[in-house]
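Below, chain A is the first sequence line, B the second, and so on; all start at residue 1. Quick caveat: nothing in here was measured; it's all calculated off a predicted structure.
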Protein chains: 2
Amino acid sequence: MRKDAQQNRDKILTAAVHLFESQSVETVSMKDIATAAGIGPGTLYRNYPNKSALCLDVSLVDIQAFVDDAHDYLAQTTDTAIAQFEQVLTRYLQFRERRLQLLASIENGATVMATYYQSDLYQQLVAVFMQVLKPLSGDLKIGELKFRADMLLAMLKSNSYAYQRQQGLTRADLLANLSRLMIKKGTQN
Amino acid sequence: MRKDAQQNRDKILTAAVHLFESQSVETVSMKDIATAAGIGPGTLYRNYPNKSALCLDVSLVDIQAFVDDAHDYLAQTTDTAIAQFEQVLTRYLQFRERRLQLLASIENGATVMATYYQSDLYQQLVAVFMQVLKPLSGDLKIGELKFRADMLLAMLKSNSYAYQRQQGLTRADLLANLSRLMIKKGTQN
DNA sequence: AATATAAACGGAGTCGGCTCCACTTGTCAA
DNA sequence: TTGACAAGTGGAGCCGACTCCGTTTATATT
């Protein structure tokens, strides 16, 4: 990779982060980002095939931070299995709310999501949820556990928001419902 | 409503259905539809605020057909509860595959989805799944049952496709995983 | 039938995502 | 150092979703 190309990549990311901080993601156009980075639209698009991909790259660090935070928490906690599940879920929901717009933009991009699902980071995310689901679920084959973690992440996507839309379903209700669903009686903690 | 306005509404729907049959939904532009219907873009957009809304209207009849079909099946079946659950889910997945493109377009429109969730039709859809989930789940409060039905629908949305992306998860696997999750031992059938 | 008017029309125009390609520049071999 | 060329650039331009508004028309009233 040429040195100037690397510099441009950095400039894009910095510009995008700044713009996304000062305006809503939707109202920031790709042209705005290119201009702020001091480059042309063509260059922007050679680095990122579409807006969703750029949003994903901007968010990567935050997603990784969530995963790391969850690992730290799980490494040192003495909470019950249920409390761990609820704790991790709560943090995930908080993270999602903080990055609502970026995540919505990412999740609307079908091709971007397809590659994201293949990524190591997404597998780490799944692994975190598998870890907290495992003690709740009795003895489950690994594939089944993975399925449940995957399902959880799918239903919490921004375009779903089962719990937000269903008027009057609070986060506490969501947690309670999910716990009840995932817990096999007699096997927790 | 003026008579000519009603006629235009009909023409739009007919034109849209025809075009969606002969090309992919994505490649049909709103202008194409307007032209085929013999009206201007302005008129099209007065009837449907966006493409997603039009796609939803085109799909309404199919969704209703699925609901009716499921009701008919449930009214006359003697299958076990598990078989009923799998039967209804299978038909739903088949319906979704048949209308993949339309549903994807609908589900990408956040505002359209928000109103769809409020609609009677969506409530009917939820009710169908509540009906097949109920005998699997032991005694659940109505709210909890509704939550699970909602969750199911959310995870099966086109932009999720948990099962398709997770390479090598067949429809049979999906059914098996969901059954295992939803069945409370000792209460099925 | 004539008229007033609200309802509806349609197409020119805006805006944003994205592409294409003629041009520039960093790099490396000689 | 210089020349060749792959790598990279940037902006004009396309296309499609969606809006705005001056014009037309159905219909209710007289």
### Message
If you define the side chain from C-beta out and look only at heavy atoms, does anything of B/Gln124 sit under 4.5 Å from B/Ile63?
### Response
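No; the side chains remain at least 4.5 Å from each other.
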Expressed as a whole number of angstroms, how long is the span from [X]:[atom1] to [N]:[atom2]?
X: A/Glu26; N: D/dC18; atom1: CD; atom2: P; value: 11 Å
X: B/Asn50; N: D/dG16; atom1: CG; atom2: P; value: 17 Å
X: A/Ile12; N: D/dG8; atom1: CD1; atom2: P; value: 12 Å
X: A/Asn47; N: C/dC18; atom1: CG; atom2: P; value: 15 Å
X: B/Lys31; N: C/dG11; atom1: NZ; atom2: P; value: 10 Å
X: A/Arg9; N: C/dG26; atom1: CZ; atom2: P; value: 19 Å
X: B/Tyr45; N: C/dA12; atom1: OH; atom2: P; value: 16 Å
X: B/Gln7; N: D/dT25; atom1: CD; atom2: P; value: 14 Å

What's the closest nucleotide to the [X] side chain, out of [options]?
X: A/Asn8; options: D/dA26, C/dT27, D/dG8; result: D/dG8
X: A/Met30; options: C/dG17, C/dC9, D/dA6; result: C/dG17
X: A/Thr43; options: C/dC9, D/dG10, C/dG17; result: D/dG10
X: A/Ser29; options: D/dG11, D/dA26, C/dG17; result: C/dG17

### Query
With the threshold set at 4.0 Å, does a side-chain nitrogen-carboxylate oxygen contact exist between A/Glu86 and A/Arg171?
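So A/Glu86 does not pair with A/Arg171 through a salt bridge.
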### Task
Please say whether the positively charged group of B/Arg99, taken as NZ for Lys or CZ for Arg, lies over the ring of B/Phe66, i.e. under 6.0 angstrom from the six-membered ring centre and within 45 degrees of the axis.
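Not satisfied by the 6.0 Å and 45° rule.
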### Query
Taking the six-membered ring of A/Tyr73 as reference, does the NZ or CZ atom of A/Arg91 fall below 6.0 Å from its centre and within a 45° cone about the axis?
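Yes, a cation-pi geometry holds between A/Arg91 and A/Tyr73.
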### Task
Please figure out whether B/Gly42 or A/Gly42 has its closest DNA chain D nucleotide nearer the 5' end.
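The residue mapped nearer the 5' terminus is A/Gly42.
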### Query
Which comes earlier along DNA chain D counting from the 5' end, the contact point of A/Asp4 or that of B/Pro49, where each point is its nearest nucleotide?
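Mapping each residue to its closest nucleotide by heavy atoms, the 5'-most match is A/Asp4.
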### Task
Would you confirm whether A/Thr77, through its side chain, and A/Leu74, through its main-chain N or O, come within 3.5 Å as a donor-acceptor pair?
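Judged by distance alone, no pair lies under 3.5 Å.
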### Query
Does C/dG17 have OP1 or OP2 sitting under 4.0 Å from an N or O in the side chain of A/Lys51?
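It does, given that an N or O in the side chain of A/Lys51 lies less than 4.0 Å from OP1 or OP2 of C/dG17.
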### Query
Reckon B/Ile39 touches a base, only the sugar-phosphate, or nothing at all at heavy-atom distances under 4.0 Å?
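Since only primed, P, OP1 and OP2 atoms lie under 4.0 Å of B/Ile39, the category is sugar-phosphate.
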### Query
Below 3.5 Å, does any donor atom in the side chain of B/Arg2 face an acceptor in the base of C/dA7, or the other way round?
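A donor-acceptor contact between them is present.
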